[in-house]
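Each remark here refers to the structure printed beneath this line.
Heavy atoms only: backbone and side chains are in, while hydrogens, waters and symmetry mates are out.
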Amino acid sequence: MENKEKQKSEKQLKLDAVPESTEKAINYISKLLDDRKVSKKEKARTMLIAEETIVRMIEHSDENSVLVIESHGFLGNINLRLKNSGSEFDVDDIEDHLLFDGDPGEDNEFNNVIHSLVERVFWDRLSIRNQKGQNRAEISVTKSSYSTIVYTLGALAIGILVGILLKMFTSDNVQGFSTTYIFDPLFNIFMNALKMMIGPLVFCSIASSIAEFTDLRTLGKIAVKVICAYLITSAIAIFIGYMSSFLLPDGNPALTHALGNQAESIVSAGETTDVSILGTIVNIVPIDIISPFQKSDMLQIIFLAAILGVTGAALANRIPSIRRSLSVANNVCSTIVTYLVKFVPLVVFCSVAKMVLNIDLKEFKDVLFWLLICYLGCILMICVYLVLLLVVGRVNPFTYLKKFFPAILTAFSTSSSNATLPTSLNQCDELGISRKVSSFSLPLGATINMDGSCVTLVITAVFMAGIYGVSLDGKVLMTLFISIMALSIGCPGIPGSGLVCMAILFPQIGVPAEAVAIIMGLYPVACMMLTATNVTGDAVVTTIIARQSGMLNRDKYKSK
């Protein structure tokens, strides 16, 4: 058959779907990637995926089928789309073709290497589907962080604008209707879906990463380093918060009139919550397998994941498929959460618009200075992180800040470490951090490392002590330090947990728990910054530990 070639434009090529067309298709893609100035590493990965995909598409094509190659992109993302008519195939067919003797069940070192290659190179970059007799393969060449930033910042700005317009030009009934029937339902649907998946994601992520270790002693050393690093940064955060509190003005006793009954549910939750260090350690071990997922108790979920991961690593030599099963489960959960995260801009819009409608800044103008000091303390803590990266991690902190910024922005917008976890994992990949470290360290940090919360708790405690005339002597300060360290590890996994922590902390320094009502109105604004600080600290520790453990790709870290 004569090979007919038609190039409609620089972004599309049509070829007869015959084996002789493979070389032309590959050359076209190579030139296209060069024109787009794709890095050598991304080009090599894309060419490997494209070649194997094109070969399989041609093998499964119908007679007289045409292979269409298109490129498209937006905001820095570059994708290739391959289309032709033919019988259905998928990524597993590609892997089966690469495996020794074509037997996917063959247990040998070569097949294990091939599986790891397909998992790392193909699964995250290639999607194949057959619709009405036509195969469509989508190859992700580059994934830009800028699109996420643009969408999230746009949603943030529009949310503020809509909230202000509703507040200025509509009645209370319209504002209440917007909150009750639009903003709240959309926000709650997303958060419920996220809560449903975050437990399985953390469980599979940690179990899968631990199972990948062939030397459990190496894993133990990394785990000890990660936990110790988190405790050290929490102690530094408490010190930063205390030093920042010296900038607070003298307490205004008149603020006690703002108490009312609005903090009643928070005080009640604080009274029934045990966050002692001993209680936290004892409660790590669950009484059954189901309840940790029902209660979203992350410490218990991490404990169960660690047991499964260690067992998987120990049995991997005898049952190689156990690692693959955990990896597949992790990929399934990650994919579901990745689709959920695509709705983050919509959730940011609803969250910010609702917050603008509910806050009365005139009523809380005396508390604005508290908010500014909280932001200042968190910014100082982020500066400490950058110094730690430079001095301890020996990497460029500004490169880290540039590459991890999308996760910081997501954390700031959503006020949720769990909602940011998928983005944090992706950005750590961009930093060149091995998933063996990040899949273990980041979920653990989202649970026990609350540096931004530590900063805010100290500043708020000192602020309330000034309002109620409580003297902070050495004994009270030591109580404050121990209590905040315990709260950072065993923070209850319930909505508004930051305010609950405050309700637990205040009585220990002689301030009534009901005092949380004073800062309740502006706390959502403070929560945005402290969450961004929490997430930043998790990734900084992960970067440093990966660097010290030889699991940081320095070339990828430095790459643009």
Side-chain angles (χ1 to χ4, degrees), residues 116 119-121 123-125 143 145 148 197-198 200-213 218-230 233 298 301-302 305-306 309 312-313 323 326-327 329-331 333-335 337-338 341 385 388-389 392-393 395 397 399-408 410-411 417-449 451 532 534-559:
S116 297
E119 183 180 87
R120 290 198 310 270
V121 177
W123 284 8
D124 189 41
R125 298 280 180 166
K143 297 180 179 181
S145 304
T148 303
M197 286 307 304
I198 205 65
L201 174 65
V202 170
F203 178 79
C204 293
S205 176
I206 291 181
S208 176
S209 65
I210 292 176
E212 289 295 325
F213 282 90
T218 301
L219 169 63
K221 291 178 181 178
I222 291 176
V224 170
K225 286 181 180 179
V226 168
I227 293 172
C228 289
Y230 283 150
T233 57
M298 287 302 161
I301 290 174
I302 290 171
R323 280 179 176 160
L326 290 173
S327 178
N330 184 39
N331 275 287
C333 292
S334 298
T335 301
V337 176
T338 298
V341 170
Y385 291 144
L388 290 174
L389 280 172
V392 183
V395 293
T399 300
Y400 162 85
L401 206 57
K402 181 180 179 180
K403 288 195 170 186
F404 196 71
F405 183 73
I408 298 174
T410 301
S417 296
N418 288 335
T420 312
L421 188 55
T423 309
S424 297
L425 287 167
N426 288 335
Q427 298 312 123
C428 281
D429 289 343
E430 295 296 320
L431 288 166
I433 300 171
S434 169
R435 276 278 174 140
K436 286 184 177 181
V437 179
S438 61
S439 294
F440 170 78
S441 177
L442 291 179
L444 183 64
T447 304
I448 70 170
N449 187 47
D451 295 344
N534 290 343
V535 169
T536 304
D538 297 344
V540 165
V541 167
T542 301
T543 304
I544 292 174
I545 299 303
R547 168 73 174 84
Q548 293 177 342
S549 305
M551 296 186 181
L552 176 67
N553 186 331
R554 296 294 298 275
D555 293 334
K556 187 170 184 179
Y557 184 93
K558 295 175 183 177
S559 66

S438 to P443 - nearest heavy-atom pair and separation: O-CD, 3.5 Å

Quick one, Y385 and D451 - any side-chain contact, counting heavy atoms below 4.5 Å? yes

Quick one: closest heavy-atom pair of V535 and S424, and the distance? CG1-OG, 3.5 Å

Keeping K403 on the side-chain end and E430 on the backbone end, is there a donor-acceptor pair under 3.5 Å? yes

Flag, side chain of S434 to backbone of K436, donor-acceptor distance under 3.5 Å: yes

Would you name the heavy atoms of A306 and I206 that are closest together and state the gap between them? N-CG2, 4.4 Å

Close side-chain approach of V395 to R554, heavy-atom, < 4.5 Å: yes

I'd like to know if the side chain of K558 reaches the main chain of T399, judged simply by a donor and an acceptor atom lying under 3.5 Å from each other, with no hydrogens or angles considered. no

Could you please spell out the steps behind the side-chain contact (heavy atoms from CB on, under 4.5 Å) verdict for I448 and I302? CA-CA 11 Å; I448 70 170; I302 290 171; 5.9 Å; no

Any K225 side-chain heavy atom under 4.5 Å of I544 side chain: no

Decide yes or no for L201 and P422: does some side-chain heavy atom of the first lie under 4.5 Å from some side-chain heavy atom of the second? yes

Pairwise distance CG(N449) to OG1(T536) - rounded to 0.5 angstrom: 10.5 Å

Side-chain heavy atoms of Q427 within contact of L431, under 4.5 Å: no

Smallest separation among heavy atoms of L442 and Y230, with atom names: N-OH, 4.4 Å

If you take all heavy atoms of N534 and S417, which pair is closest and at what distance? CB-OG, 4.1 Å

Begin from the C-alpha positions of M197 and C333 and carry the test side-chain contact (heavy atoms from CB on, under 4.5 Å) through to its verdict. CA-CA 7 Å; M197 286 307 304; C333 292; 4.2 Å; yes

R323 side chain to A211 main-chain N or O, any donor-acceptor pair under 3.5 Å? yes

Can you tell if the side chain of L552 reaches within under 4.5 Å of the side chain of V437, non-hydrogen atoms only? no

If you define the side chain from C-beta out and look only at heavy atoms, does anything of L326 sit under 4.5 Å from I210? no

Would you check, one step at a time, whether the test side-chain contact (heavy atoms from CB on, under 4.5 Å) holds for T543 with F404? CA-CA 11 Å; T543 304; F404 196 71; over 6 Å; no

For A229 and V541 the tightest heavy-atom approach is CB-CG1, 3.6 Å

Please assess R435 against L425 for the test side-chain contact (heavy atoms from CB on, under 4.5 Å), listing each intermediate value before the final yes or no. CA-CA 8 Å; R435 276 278 174 140; L425 287 167; 3.8 Å; yes

